[in-house]
Amino acid sequence: MKKLIYILLLPIFLLKFSSIYSQVDKELSKEFSVKVQVVSKETSRPIKDASVEVNGRTYRFSEITGSYTVKATAGSQLEVSHPNFNRVFYTIKDDEDIKVEVEGFTPKRKSKLSSYSARKQTGLYSQYLDSVQFYKKKDIDKSLSFVEKTLLINPNKSQRATVFKELAEVYFYWKQYDLAVENYQISLQEVNSPRVRLKLAKAAFLSEDYSSSEQNYLQSLQSGVLNNYLRLTAYQGLGDVYLAQKNYNQAKANYEKALEIAKKNLITPKITDLNSKLAEVFAAQGNTQKADGYFKNSLKLASEENKKRSLKEQQKVADFYNRSQRYDEEIQLRKESLKEADDIVVEAESNESLVDSITSQKINYKIGNAYMQKSEYEEAIPYLKKSIADADKNKDLIIQKDATKRLSEVYATVGDYTEALKTYQDYVELVDTLYSRKEQEIQQVKRFSKRISDNQNRIASLEKDKELADSKINLAYKDQQLVQESNKRQKWIIYSLIGGFLLMVLLVYFMFRTNKQQKLANNLLALKSMRSQMNPHFIFNALNSVNSFIAVNDERSANRYLSEFSALMRSVLENSDEDFIPLTKEIELLELYVKLEHNRFKDKFDYNINIDKSIPLDEYSIPPMLLQPYIENAIWHGLRYKKEKGKLQISMLPKNNDSVTILIEDDGIGREKSIEMKTKNQLKQKSKGMSTIKNRIAILNDMYQDKISVVVSDAFEDGSGTKVALILKKDKN
């Protein structure tokens, strides 16, 4: 009987113990204020310019309290540092005041003659530096102008290190990570700071220089002067580097080290982040069960922080559910998020656009997309419509475009072709609008890049002027000792000239590198613009084919054609953002496209696609939609106008070991007769389309070293027929 009573009481006891433990844990993680006094042991005077830090946050001296008031939790690590005494670490246990006594502290003394000038310079330095920080997120031009002013007052070595660190952080905020890396390195050359090195590692990571990022994180850890929060940051950064390189075991090991520090020191936000990071590692490894466990932890912890953090984590977990094809769980979680998204907009990072925000239109779109993937099309429609309406209201063109495209696909799938066509026309209009906006953005990016380049060049010129001024002073001093030290003076002049020459070479190199990066960015943007031009052109021609079937009441052919057209469009749009796709995929698209055109013009031409079996197709790649316009010209402008039935021949033959020849031949009316039969408007449209293809090939050859060449000629001596010979080079390893 007693045994039975004990068994019945055991769950109650465990529940009570769990409740007490939870209460104790909450008390330990509760944040409180602590007054920290940093004083000289000899004079008992407060040290006002010490660096006092807890969990990555730095606190300033208060003249009112005569101390530093910090926010901490039990177990947090306090770090006190100053250039004139050794770094001090202390573990905070409770909210009692802390007094740090420093032995042998001697503040720098200044002569009476220089005190006024020094105070004035220090005041200007602080004023300009505050202005740099104030305008950092508001106006990059003003922020950089104050950097120039700060450098002009000739700051000392420590101040210069701070100025270049702030300059790097300005570039970091505006996502100019290569310039941020450059200026963090200059700061480190002046003063070797582990904190700056950690920021350098982060900037290198974001600029995708993973080797440099890893090296700097490891160097920071090996320095042995990091507090707990910075060590945690370094391990987390290493985890990010290894995750980006798909080195999952190393990523997991470093995230676990960071999580251990975060738990030990009760750094709650980092515990949430690291649970989420570990979940991403396990998800990437395919260990869904472990990933699910860590994501549940991160969801619970995020909900205990604040609504913004919770909403942000919900979207990450919902995306995981989508990748795992757990659509019901994804939909349920996103519906919960919708309740908060109307009142809260969570930015993924500071200075992010609406595209990267968590908004109601994005959540509704993803719910609709999940229903589509479940094949529950009727349930998807209202969410996609709501996404379109919210996106239109908030001027979010990208989500509006994607949701409109999905809605058109849903209508086509359920058989409502009228609504599908109408919605698709809306989608095409949105693509055109988005293209116009992209053109404006390209121009803005060009102007922004030029401004940044000019400002950086001015700052580089200031550094050069300073070095030249120093050289002149030294030369003037040497002139006074010309008789005794003529040989030394000559050597100094030679070294100065060599140094100046090297500086000029270095400056030219940096300018060349900047121009090269800018040219690459411009080429990528131009390619995107051209692809955006070609897709609507192809879509309209294909829709005309559908319209012709509908016009002759051939419903069965129209349905079959629309189904095959939908499959083709899905593949085309999936590849529209890629510079190159596998040649095998392009062949599949061509086979499907030619089949569609042949269904419409069966009485006009027959076709044959011949691919030499000796060609290693998997070793070749080709820009998407490159061959289709030539085939389209052959059908629409050559074979279609021929009185008797024509022939279209597409061949792929090996040219040599490193290239393949692609031939597109037709026996149509020929180019000259085609031009004679067309109106001025048709000629203009064709000319624009072919010039777009030529420009596209020229840009790709410039970027990838003459990978493609095209020759268009008459197929026969009498001017009939057209022959397009395209030579494609093999991919370089």
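- Taking CG from D714 and NZ from K723, the interatomic distance works out to 11.5 Å, rounded to the nearest 0.5 Å.
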Q: Dump the intermediate steps for side-chain hydrogen bond (donor to acceptor under 3.5 Å, both in side chains) on E214 and Y242, then the final yes or no.
A: CA-CA 8 Å; E214 178 186 3; Y242 292 130; 2.8 Å; yes
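- Using modelled atom types, one side-chain atom of S387 and one backbone atom of Q361 make a donor-acceptor pair closer than 3.5 Å.
- More than 12 heavy atoms of other residues, nucleotides or ligands shown are found within 6.0 angstrom of NZ on K645.
- The two atoms that bring A391 and I399 nearest to each other are CB-CG2, 4.2 Å, heavy atoms only.
- Classification of D319 and R334 as a salt-bridged pair holds, one side-chain N sitting under 4.0 Å from a carboxylate O.
- One N or O on the side chain of D612 and one on the backbone of S614 form a donor-acceptor pair closer than 3.5 Å.
- E588 and K585 are not joined by a salt bridge, as no carboxylate oxygen comes within less than 4.0 angstrom of a charged side-chain nitrogen.
- For S408 (side chain) and A420 (main-chain N/O), a donor-acceptor pair under 3.5 Å exists by modelled atom type.
- Under the 3.5 Å distance criterion, with hydrogens and angles disregarded, a donor-acceptor pair is assigned to the side chains of S659 and N656.
- The distance from the CG atom of D178 to the CD atom of E182 is 8.0 Å, given to the nearest 0.5 Å.
- A side-chain donor-acceptor contact under 3.5 Å links T404 to the backbone of Q400.
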Q) Going through the distances and angles, do I331 and Y371 end up as a side chain to side chain contact (heavy atoms under 4.5 Å, CB included)? A) CA-CA 8 Å; I331 290 168; Y371 274 125; 3.6 Å; yes
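- No donor-acceptor distance shorter than 3.5 angstrom exists from the side chain of S213 to the backbone of D209, with no hydrogens or angles considered.
- Side chain of S207 to backbone of A203: a donor-acceptor contact under 3.5 angstrom is found.
- Other residues, nucleotides and ligands place no more than 12 heavy atoms under 6.0 Å from the NZ atom of K385.
- Within a 6.0 Å radius of CD in E619, more than 12 heavy atoms belonging to other residues, nucleotides or ligands are found.
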Q: Under the side chain to side chain contact (heavy atoms under 4.5 Å, CB included) rule, what do L384 and V410 come out as? Steps first, then yes or no, please.
A: CA-CA 10 Å; L384 292 173; V410 170; 4.0 Å; yes
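- One finds no salt bridge joining K366 and E330 here, because no Lys/Arg side-chain nitrogen approaches an Asp/Glu carboxylate oxygen to under 4.0 Å.
- At least one donor-acceptor pair closer than 3.5 Å links the side chain of K642 to the backbone N or O of D667.
- The two residues G668 and D666 make their nearest non-hydrogen contact at N-OD1, 2.8 Å.
- Y210 and F205 have tilted rings, their planes meeting at an angle from 30° to 60° on a 0 to 90° scale.
- Looking at K647, its side chain never comes within 3.5 Å of a backbone N or O of L639 through a donor-acceptor pair.
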